[in-house]
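A short worksheet on the structure shown next.
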Amino acid sequence: MSRVRIVGGTITKTTGGDHNIYSDGNIVYNSGTSVSLTSDAGITHGEPKDLPVQIVNEAVKEIELLTALDLGSKNDRSGTTQLGMIFGKAYHFKVKSYVKSPPANIRDIKWMIKYHSLSQNKWLEIPLSTKGDSVTITMNDEDMCGRFVYVRAYIKDPEKEGEYKEWKHNRFRWFDRMFVEDEITDRTDNGKPWLINQSGTSLCGMACIFYLFAKEQPDTYKKFAKELFRTGEATFNSYVVKPESEVLDRQPFIKGILNDKNYPWHWKWIGGIKKKVHMPLIDYITMAGTRNTDNRKYKGGEEEFQAINWPPLMTSLSEKFLGYNDVSSKGVYNPIKPLVYTTLDIENKINDINKQLGLGYKLIIMIDSDLIDDVWDKSSLDLHWVVLESPIIWNYKPSFFKADIDEIDFNVYSWGTDPFGANKYLRKKITSNHFMANYNGYIKVK
């Protein structure tokens, strides 16, 4: 409300105590002659002070939440939990008290939600259509996940009346954000995309896809991984990854202990001791999330058959997800192979592979896992995807009955291991027959 006073004579104000003037805007004095300020104790200037709180008869003072909250990670590396709201659940809020008295018309009470949007990097205020002393809000906005949500009820001033602040869990609410971000940093800023590990699952194809993603486009991988963890949905090159609740609600730990009946794990030698190690959190989020998006029968556990990444899926993800323009396959899988190979057969196959690398292609090769292991198991087929990271070197010296030297060596990414590290695959050099019996084919991308 504004007020204009026009006086033809003199205005005199006499105050027995203090005289305070407050303004949200500017205070301007205009005079045709002079402006005089006098004081018996002196005149001081300082920073503006806040306006005194105005007691308004009709104003909301407090809001309460009547719906039970749910547990999720505390996100502080402690392995403990905290209460918060979860995506998709309806919450009932009610005005608890007023500054003095309720309004004459209860429908004068309005509601709004406020939160800081990471996707837009700004605060958003969302007015609600509901009027009255209570409201039910379904938390179905993914962008609010992993953020504090402020629910406000007010009659006149949303900034100064009732407000309720509550945490809304990340979509992967049982996964500690601090650990997740550490793993993302290792795979990108620290230059170790090879840490990606499918653990006790058949997601080796997904591991190869995300290894190339993190290695070739680390900044984009980082953004994608964080968005998928927080909101349960992420898009790259128009390919939408949106896993179902079986994956989103998976619990890696129970009371800080590895949940090995409900979460993928693997054996690992640590300090000379064989220990159970859980699948890295961010690898589960990205790989299980992507596989479940494509095949809803895969529920994010150790379902071996449902998790398998067949060649058509690998070529499709290479094109639609990773965005490679030149994608093709050769061989890939042939369950019936010749038992005898000539040296020309071997040489042609190796030369073809090395030629593709020389032309700038990345090669995802399908092998029997015996190819890169310590043993050669002829009794079973353990199909496995790896990324070839070096040309294949064949050191061959023939003789009359048996070759004097027959050694093949190369470097591949597999199983969360540095392709050029001390524990790299191949574990040891192999013979040409070993190579031919366990190599199937490749997908080349550029």
Side-chain angles (χ1 to χ4, degrees), residues 65 67-91 115 118 138-149 166-187 195-201 203 206-207 210 222 224-234 241-266 275-293 296 298-303 306-307 416:
L65 173 61
T67 307
L69 295 169
D70 292 273
L71 290 172
S73 174
K74 199 173 181 179
N75 300 307
D76 62 355
R77 295 192 178 92
S78 68
T80 56
T81 57
Q82 64 177 328
L83 290 170
M85 298 186 292
I86 59 175
F87 176 83
K89 184 174 178 178
Y91 294 89
Y115 76 103
L118 282 179
T138 300
M139 293 294 167
N140 57 4
D141 188 337
E142 293 92 345
D143 194 39
M144 292 182 187
C145 294
R147 314 302 294 155
F148 280 103
V149 178
E166 190 56 71
W167 171 253
K168 185 178 178 184
H169 292 300
N170 296 295
R171 286 304 302 279
F172 284 85
R173 63 184 171 113
W174 299 108
F175 289 46
D176 190 309
R177 178 178 62 84
M178 302 295 286
F179 288 136
V180 169
E181 292 190 350
D182 287 346
E183 292 173 348
I184 293 174
T185 298
D186 275 341
R187 285 151 178 73
L195 286 172
I196 293 172
N197 193 337
Q198 79 268 21
S199 189
T201 70
L203 295 173
M206 291 295 100
F210 279 95
K222 183 188 301 184
F224 175 91
K226 288 184 176 181
E227 189 74 6
L228 183 58
F229 161 69
R230 186 175 69 85
T231 70
E233 179 178 344
V241 174
K242 190 174 183 178
E244 292 183 320
S245 60
E246 292 93 343
V247 174
L248 295 165
D249 295 335
R250 188 75 57 165
Q251 289 183 258
F253 304 96
I254 296 179
K255 295 182 180 179
I257 301 174
L258 174 63
N259 183 7
D260 58 2
K261 292 184 179 180
N262 193 47
Y263 188 78
W265 58 273
H266 60 284
K275 294 183 178 181
K276 287 182 178 180
V277 179
H278 72 275
M279 186 178 185
L281 302 181
I282 192 57
D283 298 339
Y284 179 87
I285 291 166
T286 53
M287 296 193 297
T290 303
R291 191 68 186 100
N292 173 257
T293 298
R296 297 303 190 187
Y298 177 67
K299 304 298 183 181
E302 297 181 6
E303 306 99 318
Q306 290 84 353

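Between Tyr284 and His278, the gap from one ring centroid to the other reaches at least 6.0 Å.
Remark: Gln82 CD to Lys74 NZ distance equals 7.5 Å, nearest 0.5 Å. Summarising the geometry, atom NZ belonging to Lys261 is positioned 14.5 Å from atom CD belonging to Gln251; distances are rounded to the nearest 0.5 Å. With rounding to the nearest 0.5 Å, the separation of CD1 in Ile184 from NZ in Lys222 is 8.5 Å. To the nearest 0.5 Å, atom CZ of residue Arg177 and atom NE2 of residue His169 are 13.5 Å apart. Taking NZ of Lys242 as the reference point, atom OG1 of Thr293 lies at 9.5 Å (rounded to 0.5 Å). Taken from CG in Asp186 to CD1 in Ile282, the straight-line distance is 11.5 Å, to the nearest 0.5 Å.
Across every non-hydrogen atom of Asn292 and Arg296, the tightest pair is OD1-NH1, 2.9 Å. Between Arg187 and Leu195, the shortest heavy-atom contact is NH2-O, 3.3 Å. Gly300 and Ala288 make their closest contact through CA-CB, 4.4 Å (heavy atoms, listed as atom of the first residue, atom of the second, distance). Across all their heavy atoms, Gly84 and Glu166 have their closest contact at CA-OE2, 4.1 Å. Listed here is the closest heavy atom pair of Asn262 and Arg250: O-CD, 2.7 Å. Closest of all the heavy-atom pairs between Gly232 and Pro243 is O-CD, 3.5 Å.
Inter-residue side-chain proximity for Asp176 and Phe253 is flagged as unmet; no heavy-atom pair is nearer than 4.5 Å. Put simply, the side chain of Asn170 does not reach to within 4.5 Å of the side chain of Val180, judged on heavy atoms. Under the 4.5 Å side-chain criterion, counting only non-hydrogen atoms from C-beta, Gln198 is not in contact with Met206. Residues Leu248 and Phe87 are not in side-chain contact: their nearest non-hydrogen atoms beyond the backbone lie 4.5 Å or more apart. Taking the side chain as every heavy atom from C-beta outward, Met279 and Met287 approach each other to under 4.5 Å. Annotation: side chain of Pro252 is in contact with side chain of Leu281 (closest heavy-atom distance under 4.5 Å). Side-chain atoms of Arg291 and Val247, non-hydrogen and from C-beta on, never get closer than 4.5 Å to each other.
A search for salt bridge (Lys or Arg N to Asp or Glu O under 4.0 Å) contacts involving Arg147 returns nothing, not counting sequence neighbours. The salt bridge (Lys or Arg N to Asp or Glu O under 4.0 Å) test applied to Asp70 returns Lys89, not counting sequence neighbours. Checked against salt bridge (Lys or Arg N to Asp or Glu O under 4.0 Å), Asp182 has the following partners two or more places apart in sequence or in another chain: Arg77.
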Point to revise | Step-by-step side-chain contact (heavy atoms from CB on, under 4.5 Å) determination, Tyr91 to Leu69 | key: CA-CA 9 Å; Tyr91 294 89; Leu69 295 169; 4.2 Å; yes
Review point. Would Thr67 and Met85 satisfy side-chain contact (heavy atoms from CB on, under 4.5 Å), going step by step from the backbone distance to the final call?
Key: CA-CA 9 Å; Thr67 307; Met85 298 186 292; over 6 Å; no
Practice item. Give the intermediate values and the outcome of salt bridge (charged side-chain N to carboxylate O under 4.0 Å, His left out) for residues Arg230 and Asp143. Key: CA-CA 8 Å; Arg230 186 175 69 85; Asp143 194 39; 3.2 Å; yes
Exercise for review: Please test Asn259 against Trp265 for side-chain contact (heavy atoms from CB on, under 4.5 Å), starting from the C-alpha separation and ending with a verdict.
Suggested key: CA-CA 9 Å; Asn259 183 7; Trp265 58 273; over 6 Å; no
Practice item. Give the C-alpha distance, both sets of side-chain angles, the deciding distance and a yes or no for side-chain contact (heavy atoms from CB on, under 4.5 Å) between Lys299 and Glu244. Key: CA-CA 8 Å; Lys299 304 298 183 181; Glu244 292 183 320; 4.2 Å; yes
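Ring geometry, Phe210 versus Phe224: the interplanar angle falls from 30° to 60°, so the pair is classed tilted.
A donor-acceptor pair is defined here as one N or O able to donate and one able to accept, closer than 3.5 Å; no such pair exists between the side chain of Arg173 and the backbone of Asp249. A donor-acceptor distance shorter than 3.5 angstrom exists from the side chain of Ser78 to the backbone of Thr80, with no hydrogens or angles considered.
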